[in-house]
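For reference, the structure discussed in these notes is given below.
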Amino acid sequence: MRDLNMNEKSYSEYSVVVQPNAEMRAKHLGIIALTAVAVALAITVHWLFLLLVVAGGVGCYLVYLESDMEYETIFLDGTLEIAAIYRKMRRKVKFQCEIKNASGFHLGSKEEAVRLGKITRDFSSHQDGAVCCVLKIGTEKGSHVICFEPGEELTEILKQRYRSMQI
């Protein structure tokens, strides 16, 4: 086992509750409206529209899960893992990477990090004024620019251990 310096932190955990933005609300309302139209068509026109009702029911269930969601960020020995927690019951890992493989990162607002590129994955709370970490990293699935809220501990770890990559 390696001897860890007492000042060197290797673990951080932070979670944020996702606030619905206009795009999420429009998607939710669209799925609910489509399901309502499918029910009306199934009752009045033809029973085959019940297939759309079933698909809409599945969509409404997914909207229900997404309506109470939070993102959990875990940093452990250089590995960053971001997971979505739905309704405080179900956890799904959304992104995982090694920080040392990143091309660069920026701490601040999302809008200030335009030099890293367009954000491809947003794991933030969507609150105005939230401090975000925008990280550019290449993975086996291609290059991504991700945005997440790191919390105070991870912010300090990034500033101390990875300051040469900060943009």
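Under a hydrophobic-cluster definition in which Ile, Leu, Val, Met, Phe, Trp and Tyr are linked whenever side-chain heavy atoms come within less than 4.5 Å, directly or via other members, I119 and M24 are assigned to different clusters. Residues V18 and I85 do not share a hydrophobic cluster, clusters being chains of Ile/Leu/Val/Met/Phe/Trp/Tyr side chains in contact below 4.5 Å. Both Y162 and I137 are assigned to one and the same hydrophobic cluster, defined by single-linkage of ILVMFWY side chains at heavy-atom distances under 4.5 Å. In the hydrophobic clustering of ILVMFWY residues, with side-chain heavy atoms under 4.5 Å counting as a link, V145 and F105 come out apart. Linking ILVMFWY side-chain heavy atoms closer than 4.5 Å, directly or via other members, places V39 and V37 in two distinct hydrophobic clusters.
Contact of the V16 side chain with the E72 side chain is not registered, since no non-hydrogen atoms from C-beta on lie closer than 4.5 Å. Looking only at side-chain heavy atoms (C-beta outward), S67 and R87 come within less than 4.5 Å of each other. M165 has its side chain within reach of I99: a pair of non-hydrogen atoms, C-beta onward, lies under 4.5 Å apart. Residues I82 and I74 have side chains not in contact (no heavy-atom distance under 4.5 Å, counting atoms from C-beta outward). Between L51 and F49, every side-chain heavy-atom pair lies at or beyond the 4.5 Å cut-off. T79 places a side-chain heavy atom less than 4.5 Å from the side chain of Q96.
The heavy-atom pair separating S124 from K110 by the smallest distance is OG-NZ, 3.0 Å. Listed here is the closest heavy atom pair of L107 and C133: CD2-CB, 3.7 Å. Of all heavy-atom pairs spanning L52 and A38, the tightest one is CB-CB, 3.6 Å.
Rounding to the nearest 0.5 Å gives a distance of 11.0 Å between CD of E70 and OH of Y14. Between atom CG of residue D122 and atom SG of residue C132 there is a gap of 7.0 Å, rounded to the nearest 0.5 Å. A distance of 12.5 Å separates CG in L34 from CG in L29, rounded to the nearest 0.5 Å.
By the neighbour-count criterion of 12 heavy atoms within 6.0 Å, atom CG of N101 is densely surrounded, having more than that number from other residues, nucleotides or ligands. With a 6.0 Å radius and a threshold of 12 heavy atoms from other residues, nucleotides or ligands, Y11 has its OH atom above the threshold.
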Checklist entry - Can you list the steps and then say if S143 with K136 is a side chain to side chain donor-acceptor pair (under 3.5 Å)? => result CA-CA 7 Å; S143 181; K136 183 172 186 173; 5.0 Å; no
Checklist entry - Taking it one step at a time, do I32 and C60 satisfy side-chain contact (heavy atoms from CB on, under 4.5 Å)? => result CA-CA 6 Å; I32 292 168; C60 287; 4.0 Å; yes
Checklist entry - Would L116 and I167 satisfy side-chain contact (heavy atoms from CB on, under 4.5 Å), going step by step from the backbone distance to the final call? => result CA-CA 8 Å; L116 291 173; I167 295 176; 3.2 Å; yes
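Evaluation of the side-chain hydrogen bond (donor to acceptor under 3.5 Å, both in side chains) test over residues 22-38, restricted to residues two or more places apart or in two chains, returns K27-E66, H28-E66. Residue pairs that meet the side-chain hydrogen bond (donor to acceptor under 3.5 Å, both in side chains) test with at least one member in residues 36-48, sequence neighbours left out, do not exist here. The ring pair (Phe, Tyr, Trp, His ring centres under 6.0 Å) contacts involving residues 69-90 comprise Y71-F123, where partners must be two or more places apart or lie in separate chains. Annotation: salt bridge (Lys or Arg N to Asp or Glu O under 4.0 Å) contacts involving residues 49-62, sequence neighbours excluded, are absent.
Not counting sequence neighbours, F95 has no partner by the ring-ring contact (aromatic ring centres under 6.0 Å, His included) test.
Looking at R91 and E81, a side-chain N of the basic residue comes within less than 4.0 Å of a carboxylate O on the acidic one, giving a salt bridge.
Side-chain atoms of R121 do not come within 3.5 Å of backbone N or O of F148 as any donor-acceptor pair.
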Determine all donor-acceptor pairs shorter than 3.5 Å in which one atom belongs to a side chain in residues 149-158; sequence neighbours excluded.
{"unit_1": "E149", "atom_1": "OE2", "unit_2": "S125", "atom_2": "N", "d": "2.8"}
{"unit_1": "E149", "atom_1": "OE2", "unit_2": "S125", "atom_2": "OG", "d": "2.5"}
{"unit_1": "T155", "atom_1": "OG1", "unit_2": "G151", "atom_2": "O", "d": "2.6"}

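A donor atom on one side chain and an acceptor atom on the other are not found under 3.5 Å apart for H106 and Q166.
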